[in-house]
Amino acid sequence: STGQGGTTGGDPTAEAGVALTIAKPDGAITTESHNPYLGDSSASKYGYAKVIFEPLALVNPTGDLGTTPWLAESVEWNDDYTELTVVPRSGVTWSDGTEFTGDDIVFTFDQYLNGTLTDTSGLNYEGATVDGDAITLKFADSKYTAQSRVLHTPIVPKHIWENIADPNTDPLTEDGLAVGTGPYVLSSWSTESVTLTANPDYWGGELAVPELHYISYGDNAALTTALVSGEADWAQAFIPQIEDSYLSADEDNHFLASPTAGAATLFMNLQTKPFNDVALREALAWTIDRQAYVDIAREGASEPVWNVTGLGSVLEDEVIPEFQGQEYSVDVDKARQILTDAGYTWEGDALVDPDGERVSFSISVPAGWSDWNTEQALIAEELNEALGIEVVVDQPDWGGWDAARQEGTFQAIIHWLEDTGNAYGMYTSTMDPKWIVDGRAQFNFGRFEDPAVTEALNTYATASSDEEREEASAVLQTAFAEHVPAIPLGAHPLLGEYNTRNYVGWPTEEDQYASADPTQPGIVQVLVNLEPAE
Amino acid sequence: MRDALLTVRDFSVVYDVDPPVEAVKNVTLDLRRGEILGLAGESGCGKTTLAYGLQRLLKAPAVITSGSVVFHDSSGEDIEVDRLDAEQMRRFRWDKISMVFQGAMNALNPVATIGSQLEDVFEVHRPGMSRAQRREAVAELLEIVKVGPQRRRSFPHELSGGMRQRVMIAMALALRPQLMVMDEPTTALDVLVQREILRQISQLRREFGFTVVFITHDLPLLLEISDRIAIMREGEIVELDTAEQIWTNPRDEYTRTLLSSFPRLTGERGVVAR
Amino acid sequence: MTAVQPRPPVEDAIEVGTTATTVVKGHSRVPWRFLAGRATFYLFTLWAAITINFFLPRMMKGDAVDQYLSRNRNVSPEAADALRSLLGLDTDKSLLQQYVEYWGLLLRGDLGVSLLHGLRPVTEVIGQALPWTVGLVGFATIVSFAIGTIGGAIVGWRRGSRLDGLIPLTTFLGTIPYFWLGLLAIALFSVNLGWFPIGKAYGVGMTPEWSGEFIGQVIHHGALPAATIVLASLGGWMLGMRNMMLTVLDEDYVTVAQAKGMPTSRVLWRYAARNAVLPQIQSFALSIGFIVGGTIVMEMVFSYPGVGKLLLDATNAKDYALMQGVFLVITLSVLVANILADVAYAFLDPRTRQTEG
Amino acid sequence: MTVLEFDRVTKIYSVRGAGQIKALDDVSFSLTSGRTIGLVGQSGSGKSTIAKILTQLETPTSGEVRLDGEPIPRRGAGLRAYRQKLRMVFQDPFASLNPYHSIRYHLERPLRLHGVVPKAEMDDEVRRLLERVRLQPDAVVDRRPHELSGGQRQRVAIARALASRPSLLVADEPVSMLDVSIRLGVLNLLADLGREEGLGVLYITHDLATARHFSDEILVLNQGRVVESGPADDVILRPQDPYTRALRAASPDPEAHFASLSGSDGGAL
Amino acid sequence: MTTDLRPEQAPEVRSERTSGRETSLRGRLGSAFAMFRNRKSITGLTILGFFVLVAILADVLAPYSPTKVDNTARFQPPSAEHWLGTTHLGEDVLSQVIYGTRGIIVVGFLAAILATVIAIVVGVVAGYVRGWRSESLSALTNVFLVIPGLPLIIIVASMFDDPPLVVIAAVLGLTGWAWGARVLRAQTMSLRNRDFVQAARANGEPLRRIIGNEMLPNLMALIAASFVGTVTAAIIGLTTLSYIGVIPVNTYNWGTILNWASAQGAFRQNQWWWFMPPGLCIAAIGVALSLINFGIDEYVNPRLRSAGERARAMKKQGLDVNDPVTVVRTTTSHQENA
Ligand SMILES: Nc1ncnc2c1ncn2[C@@H]1O[C@H](COP(=O)(O)OP(=O)(O)OP(=O)(O)O)[C@@H](O)[C@H]1O
Ligand SMILES: Nc1ncnc2c1ncn2[C@@H]1O[C@H](COP(=O)(O)OP(=O)(O)OP(=O)(O)O)[C@@H](O)[C@H]1O
Ligand SMILES: [Mg+2]
Ligand SMILES: [Mg+2]
């Protein structure tokens with residue numbers, strides 16, 4: 001047993017009442033700030049903001065993608081998703097003993113209204129109306145594609161926050177400020193770890209885990225070492241060779257990768273050669289081995305995306321019948337045929353485009369993103385081998401990569417998608433011109449533009465009926481399959497490594513009521529669900 | 001004449017390198033109590049080696065290959081220097097024989113005050129002395145060599161070459177040894193300062209009655225100050241006689257060459273004539 | 001500067017000693033002019049370094065908001081403008097204006113806020129990390145210096161003995177990449193043997209306090225990183241000292257000390273080592289200055305809080321204020337170390353007190 | 001016939017922390033070809049400073065140096081021509097030869113710089129120079145300084161100074177580092193050159209005996225001032241200035257010593 | 001006028017050994033590299049030469065392309081096909097190490113050449129000139145001593161889409177010259193007043209010749225030492241930067257191999273074939289460079305060389321260098337000892 005500060009360490013026997021250590025690989029987090037709204041506060045970096053401040057409802061980013069009301073007893077959207085009606089949960093108290101009421105919800109959202117809180121989630125909140133118990137929050141546009149952004153807004157106590165001058169940045173480090181409704185309350189904060197203890201008056205009932213430790217290691221390797229040795233219990237980490245290095249180290253060690261609607265996607269610059277030719281993009285789609293991405297680059301922690309619509313397994317239901325089962329596969333002959341038909345030839349092994357130029361491009365991923373760096377190598381090898389395309393592996397620093405993707409000076413990059421919890425994310429990220437402002441792209445890096453598609457995207461986002469949305473979706477899916485504006489590789493997974501030495505009740509492959517990622521809002525669901533192990 | 005202080009018999013030193021250098025070959029020498037013995041010879045002939053060798057100060061690869069050195073202490077005891085072990089040798093040094101080294105700048109520890117370097121000697125060899133007594137002794141020594149006790153706190157570099165040399169002499173005097181070996185104590189100095197220091201040494205010798213071995217290759221100087229002169233060449237003493245005899249009646253060929261190599265200061269122009 | 005001193009006629013040439021030209025005596029003990037010169041020199045260096053540190057980061061591609069968005073993917077990219085104003089990056093002041101303002105703030109001790117650390121003041125962010133860096137790396141450097149110097153003195157003194165083998169050994173340890181050493185040390189001592197924790201400055205759930213337990217933890221956690229730093233840097237000190245010893249041992253004053261009948265230990269430490277250590281002091285000062293910046297790898301490998309990782313992260317995140325802050329600390333510490341070295345050297349080597357050039 | 005005049009030269013050095021040092025104070029003399037001037041004085045009296053001013057390594061604070069009545073050019077071809085006419089042998093033969101270069105290089109450089117002989121004759125000229133200082137060319141020409149003895153080096157330094165066929169030579173303690181027995185050989189060589197080729201020599205030393213024997217005239221320098229000057233024998237045998245007398249008294253003179261001795265044992269000590 | 005004074009016996013020109021005197025060019029070259037002519041330097045140069053050869057001949061020597069992916073042979077321990085096993089992508093570690101030598105050698109040497117050239121120019125000039133010019137050059141040196149190299153490298157690297165090795169070398173060189181310049185300045189200042197430099201001036205040599213022909217050769221050993229030191233620093237810098245991921249990891253060098261190995265958990269999984277070879281190669285080249293430096297040190301200061309050897313040689317003869325008392329070994333006692 002390492003036996004530090006009450007961690008469970010590698011104790012062979014299950015022990016109830018021991019603390020749970022949640023770890024991150026972000027280096028020392030040495031500056032104290034419990035502000036849940038600030039992405040780089042220690043509370044957000046560690047993720048402990050999520051166990052102090054609770055949201056109205058929890059949207060499962062995986063599994064059934066369902067919504068579980070949380071601080072609200074019920075949540076209900078109007079048809080066009082511009083209004084949200086919630087009924088605050090009763091019997092909830094803030095951890096300083098004050099009662100939680102609808103006022104707190106209204107106050108929380110009104111902070112966006114009067115500008116004291118920066119609208120980093122792009123909510124465009126317009127005000128609330130209270131009708132008895134029910135509170136209706138109004139938004140300027142449809143929130144269909146941003147439901148979780150609304151629902152996951154941390155609710156803060158009015159009686160404290162009304163005295164906070166700048167809710168954007170206030171660190172809440174003074175006594176009695178870090179007050180929430182959540183299952184745990186802050187106990188001690190140091191540069192090396194943060195300790196939270198169970199909230200005895202938690203509305204969700206008694207908690208099995210009496211104490212949480214949050215800790216951050218220097219890098220992934222150090223975190224893995226800590227997980228393997230039992231110094232840390234729960235983490236969201238990409239562990240290479242996870243089977244050998246983590247799972248087989250202890251039979252209580254578990255790993256869960258939950259696919260989400262987002263996906264790691266190969267974006268191609270559609271504006272310039274060689275990717276201004278759809279035939280080449282299609283050929284790539286028939287050549288790149290998504291399974292290899294999942295197996296090798298992601299060590300199995302993902303799910304391949306094969307469908308021609310680009311939609312992954314969690315969005316299977318959204319695929320229109322026409323495309324159900326229409327899947328890409330690694331079919332080099334087909335790819336070569338597509339190229340031949342489009343006028344490509346081969347000079348020896350090298351692919352030559354109809355203009356007589358050798359086909360080559362560079363694929364760019366920031367240095368140090370090792371899974372995608374690996375995928376770069378894989379793609380380069382596959383395309384060279386199968387099609388005779390020379391792929392230059394480019395690993396700039398983040399700034400260079402960022403500039404290239406925004407300014408459209410790249411040829412190909414691997415990038416994530418905006419996750420909206422539905423098909424919209426995929427298509428807006430790859431085909432929506434709205435992301436390009438002043439020539440700089442926040443998404444749609446390849447700069448796809450097709451008025452019909454743009455309209456369908458708008459329709460999807462603002463539709464007031466499912467039929468309307470499905471129609472739009474069909475347009476989008478068809479356009480995607482036809483134009484191949486991007487090639488999704490594998491679903492973006494939410495990872496979680498945990499052990500069942502002391503506690504059981506974790507999300508599993510079969511029961512993904514939440515992801516196993518401790519940095520997600522769903523952590524409270526998991527904590528509530530945990531029980532002492534036998 | 002006077003009784004013997006040091007008897008050197010068949011003394012040889014070899015630098016055990018490849019090939020071995022026989023720096024001192026079979027030197028036999030009697031040093032009388034109270035005399036000044038001048039040791040001259042061209043550079044590299046083994047003067048320093050002989051002087052260091054007498055009190056076994058040479059470090060490896062030097063090896064004494066033959067001979068004996070016997071020190072006749074004033075207490076009447078005869079000390080066979082080549083039989084002493086390291087600890088006995090350590091006690092013997094400076095107490096009985098002290099040295100004034102060639103370059104005074106390099107012979108003094110540059111980072112310690114001259115006072116502390118002088119006190120060092122008492123601390124080690126006269127452990128019974130109190131701190132105050134040591135201070136006093138140091139002050140007295142500095143007074144004797146005319147550096148002045150107020151210079152106790154000076155560092156070597158703060159003193160002129162002549163003063164440094166005097167500090168070395170003070171150090172050599174500290175324990176009132178019976179023999180002082182002076183290895184080219186004045187060559188780096190100005191003629192005037194050189195003269196002044198020689199005058200002081202002569203005065204001190206009169207006071208304390210120690211014996212001096214004076215090494216230099218400046219033959220004119222040696223002729224003036226020594227009782228007896230030994231001329232060395234290639235590790236051997238080729239001639240050993242009184243200064244006057246050497247001057248008037250050099251027997252060795254090499255001695256004659258040396259004597260004919262300096263021009264006259266006075267008289268007719270030309271090389272010195274005897 | 002004093003005027004040419006008329007030289008009084010010298011009566012007795014002998015009294016004058018070797019210096020026939022009398023140096024004007026009694027000039028002030030404190031060389032003000034020299035000190036002023038040094039001060040100007042250091043101030044210039046400080047100014048230049050700070051200026052470079054201001055402009056360099058601003059030449060990087062990309063900006064802090066894009067970085068922020070990539071770190072916080074739950075933040076909507078549509079909110080970029082809002083963020084820009086939140087982080088104070090929406091100003092359209094010219095670089096020169098910003099530079100002037102930066103100096104104004106700097107002189108008031110205001111280093112700005114760190115974007116990367118929840119908009120907390122940079123002084124606070126650095127203040128949290130600096131003690132650990134200085135504590136651990138400073139301690140390790142001192143230990144390494146002490147062991148290396150003492151060891152080098154002994155190796156130099158006992159040249160030709162079996163101890164000579166220490167030199168190639170420590171050199172080898174110094175040339176293998178530090179992270180390699182660190183990772184292997186963790187694999188062996190923390191994972192396999194379990195003697196030391198895998199990293200961090202102290203245990204989980206501890207809060208810093210002056211208690212035996214806490215201090216014990218800090219020592220326990222610091223032992224492995226400190227030991228690896230010492231191992232990796234020992235070679236340089238040892239070699240330097242040994243080489244100086246070999247030079248010094250041939251000096252006359254060492255022979256004189258032996259002729260004076262000094263015991264061996266006294267000759268070794270008071271005469272030989274005392275002189276040989278002088279050049280080490282200069283290098284030591286410089287290495288003290290580099291402590292602050294030079295430990296990124298250690299901090300990563302051992303998950304140790306410190307300034308190095310802070311700088312790396314700040315650079316990656318384009319957190320200008322924090323970068324400048326860390327730069328400033330590094331610059332200041334190098335300069336202070338240099339000044340201290342000047343002083344220490346002057347203190348330890350009386351010769352330099354006079355003939356500084 | 002070349003005449004070098006040193007006219008009322010004063011040189012002040014500024015030393016950090018030590019104020020100013022007057023190394024030369026109103027010094028005048030003139031050096032003519034074919035004659036040797038001995039410059040004596042103890043350490044630090046300013047002898048080398050005179051040499052450095054003559055060779056334009058230092059500029060005088062006040063006063064002037066004239067060659068045949070003309071002031072010495074500060075730069076350019078004029079200075080080069082001057083440097084060809086007046087050469088210097090440095091005080092320390094161990095330091096004044098570049099350890100990295102061969103003897104040949106050391107001798108060829110002035111030959112080339114001053115275009116003394118055509119390229120084809122370079123080799124012969126180098127040999128001639130070495131022979132002149134009585135070194136065997138074959139034995140030394142391709143060696144480097146550290147492979148020579150002090151005496152040999154001293155001669156190379158002299159050969160180098162003679163290479164450009166100067167009419168004046170400043171020899172700064174050319175024998176101070178040498179053994180008594182080698183000293184004389186070097187000095188004799190200089191004397192020969194003066195006699196045979198009309199070389200004017202400024203012989204700097206603090207050894208009164210050799211100064212007397214090798215110079216026509218002697219200048220005694222004390223603390224940057226000329227305290228006495230005149231024909232060699234006059235200055236040495238009948239010194240007027242107390243400082244010169246002190247110097248003389250301090251120089252060992254075995255002849256006088258033994259002459260005054262009546263055979264008793266009392267040494268000077 | 002002067003009396004001819006001839007000693008009775010003219011001092012003879014000592015006959016010194018004239019062992020195979022070198023003739024100009026070869027001899028010059030030989031003497032220019034004299035500092036490398038000892039056992040340590042030669043060993044170091046041999047090891048270094050080996051790596052240089054490997055770098056040059058990488059194409060010939062490497063059995064595979066360093067990026068040749070083989071999904072069927074991942075994490076293979078050493079075998080006949082893959083002498084040093086394979087990576088997580090089935091790449092051949094040996095080939096990576098061989099190709100990785102290139103980056104190391106190119107960056108190490110380019111950076112060192114650049115740093116040394118700047119150090120020479122700034123250091124020697126600062127040492128030779130006086131007054132404000134010298135002071136400002138040394139202030140410049142100090143500023144560069146103070147600037148942290150790492151951010152500079154990141155910043156400069158970020159200005160290029162795909163920073164080539166040359167750029168990385170340039171930045172490492174730019175941040176690494178200050179130390180050498182400092183040392184050279186001090187040494188030049190002491191050389192400046194040496195007689196042979198003065199003699200060259202009195203000779204009428206032009207300034208560039210004085211610096212180039214008189215001073216530089218004497219600074220050679222120092223320059224070589226500083227060069228070797230910079231190579232070491234650049235190599236360690238490059239591998240460290242690659243390891244922490246600041247430098248793109250697609251240009252293979254030993255640091256990137258280690259980066260991959262560490263990122264893929266090779267250290268935890270004891271996949272020694274992956275992380276040992278690059279680590280040992282770095283250590284080997286580091287040791288080679290320090291051996292060369294030892295050699296140069298010993299050339300500059302022969303005491304360093306002889307001290308240990310002499311002492312050991314003496315030990316064999318029963319002598320101890322530190323014995324404060326001269327050993328007496330008369331024939332009889334010697335026999336007793338033996
Ligand atoms: N450590 C050593 N190893 C080998 N040979 C040595 C060593 N020390 C001195 N020698 C040799 O021993 C001989 C005598 O040297 P020593 O120093 O005694 O001469 P010296 O007469 O004092 O000369 P000087 O007048 O130059 O001081 C010389 O030939 C010298 O080269
Ligand atoms: N560059 C310099 N800067 C400052 N002072 C100097 C400089 N050169 C010489 N001096 C001083 O000028 C005075 C005369 O020096 P100089 O070298 O001319 O003496 P010298 O007679 O040649 O002595 P020595 O016999 O020791 O060679 C000395 O006090 C010396 O310290
Ligand atoms: Mg000697
Ligand atoms: Mg002089």
Where do [X] and [Y] come nearest, in terms of heavy atoms and distance?
X	Y	answer
Pro206(E)	Leu113(D)	CD-CD2, 4.4 Å
Ser96(D)	Ala199(E)	O-CB, 4.0 Å
Thr55(D)	Ala202(E)	CB-CB, 4.3 Å

Can you tell which part of Leu97(D) gets under 4.5 Å to a heavy atom of chain E, answering side chain, backbone, both or neither? backbone
Portion of His114(D) that has a non-hydrogen atom of chain E nearer than 4.5 angstrom: side chain
Could you tell me if the side chain of Arg209(E) sits less than 4.5 Å from the side chain of Arg109(D), heavy atoms only? yes
Report yes or no: does [X] contribute a side-chain atom to a donor-acceptor pair with the main-chain N or O of [Y] at less than 3.5 Å?
X	Y	value
Asn98(D)	Phe196(E)	no
Arg83(D)	Arg201(E)	yes
His101(D)	Pro217(E)	no

Under the salt bridge (Lys or Arg N to Asp or Glu O under 4.0 Å) test, which residues partner Glu197(D), sequence neighbours left out? Arg132(D)
Please determine which of Arg87(D), Arg80(D), Gln84(D), Met88(D) meets the side chain to side chain contact (heavy atoms under 4.5 Å, CB included) test together with Asn203(E). Arg87(D)
Tell me every residue that passes side chain to side chain contact (heavy atoms under 4.5 Å, CB included) with Val125(E), counting only those two or more places apart in sequence or in another chain. Val129(E), Leu137(E)
Measuring from Arg194(E):CZ to Phe90(D):CZ, what's the distance to the nearest 0.5 Å? 13.5 Å
